[in-house]
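Structure, as structure tokens:
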Amino acid sequence: MTVAIIDYGSGNLRSCAKAFERAARENNLAIDVVVTDDLHHVRDASHIVLPGVGAFADCRAGLDAVGGMVELLHEQVIEGGKPFMGICVGMQLMAKVGREFANTDGLGWIDGEVVAIEPDDPALKIPHMGWNELRLDDAGADHPVLKGISSGDHAYFVHSFHMRIATPSQRLASVDYGSEITAIVGRDNMIGTQFHPEKSQKTGLTLIGNFLGWKP
Amino acid sequence: MSGPSVTMSPNVFAEHVTDLSPGDLSDIVDACIQAIVEGGGFGWLTPPGRPEMEKYWRGVLIMPGRHLFVSRVDGVISGAAQLLETPSNLESQRHSAQITGHFVAPWARGGGNGKAIVRAIEYFARQQGYSVLKLDLRETQKAAIALYHSMGYVRWGINPYYAMIDGKMVEGYYYTKKIQEAEQ
């Protein structure tokens, strides 16, 4: 099996790749990790990961610039049912629309929009950067990818925008940062984390390990 | 790399590095930017662009008398500090060297990264014959203050006009530690 981490020019993917390699090793899973912009690799992979750092529109433009990738993702994830994980802006791209600087279409897989964080406490800094406590929603409490993760576990966030969900059952977890922030989304064979599982130590490795063993 | 690495746990260690691969360079820039934005102790208060920061780290590697130490989590650079040797014209102070530019990325804190870096520096400094290490910290660097205190660094002085942050004067604390008897 192979996990394909899609490289579309959105930042440094080394920590992401290393975390997936470690989670595979610790779970005794024979899974290769490739960081790639090659459609063939993505098509052949057993799991697909879409990371993302920066602005929503920039990431969408970067993804569009890899000719055929958006169509391939739709084919593999929506039609093919392949396990998919979006991370940070990669998770935000799963939404219908992003409103960072300009309205930009997302992949439209999750019924939500990506909007600026507006904490009710002006002392809270933007970006939301650091560790925060997850609060699992009902849909997340018995989700196989969140097995072994509980409310109160910490995850590492770096972001200024977040996804506001219109279909509550698609939100699996949130955190409190002066307002409710969507932390994990999912439906069917896809999951997305606003936080960085690759930098979230035990919580992140548990989630990645579960994802690699997931058979949705 | 030169010298032994200091391992804190199976996935966290620190080492002296003499070059940075392109991947390492990206990692150290990421870690440094996040530490700066979070307010966690580096010279910059706001991070410069990546090209400027990459130049800075390349510069660190080629400066005589300056040694770079990094911590890694699963091989990914998570923090760094530098050891500055004392110039030869300061003969009376050649027994001491200075730790500077110590930071740990916010995501890596609490895992022993900071301590691993200091241990690696101390080991290297002893090997080089230094008997005293010194450093200074902003009063706001609470985690670093606690770390160095726990590792036997003694605060010997305070500069009330050490730094200016958001228009406010911030104190600086000066620390020293004898790491071995002076060579005769």
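Below, chains carry the letters A, B, ... as their sequence lines are ordered, and counting in each starts from 1.
- Minimum heavy-atom separation, A:Lys18 to B:Val76: CG-CG2, 3.6 Å.
- Looking at A:Trp131, its side chain does come within 3.5 Å of a backbone N or O of B:Pro106 through a donor-acceptor pair.
- Around CZ of A:Arg187, the count of heavy atoms belonging to other residues, nucleotides or ligands within 6.0 Å exceeds 12.
- Of the two parts of A:Arg22, only the side chain, counted from C-beta on, holds a non-hydrogen atom closer than 4.5 Å to a non-hydrogen atom of chain B.
- Between B:Gln34 and A:Met129, the closest heavy-atom pair is O-SD, 3.4 Å.
- A heavy-atom distance below 4.5 Å is not found between the side chains of B:Arg109 and A:Tyr156.
- In this structure, the side chain of A:Gln201 engages the main chain of B:Trp107 through a donor-acceptor pair within 3.5 Å.
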Show me, pair by pair, the donor-acceptor contacts under 3.5 angstrom made by side chains of residues 48-64 of chain B, not counting sequence neighbours?
from, atom 1, to, atom 2, distance (Å)
B:Arg50, NH1, B:Asp30, OD1, 2.8
B:Arg50, NH2, B:Ser26, O, 3.4
B:Arg50, NH2, B:Asp30, OD1, 3.2
B:Tyr56, OH, B:Gln82, NE2, 3.0

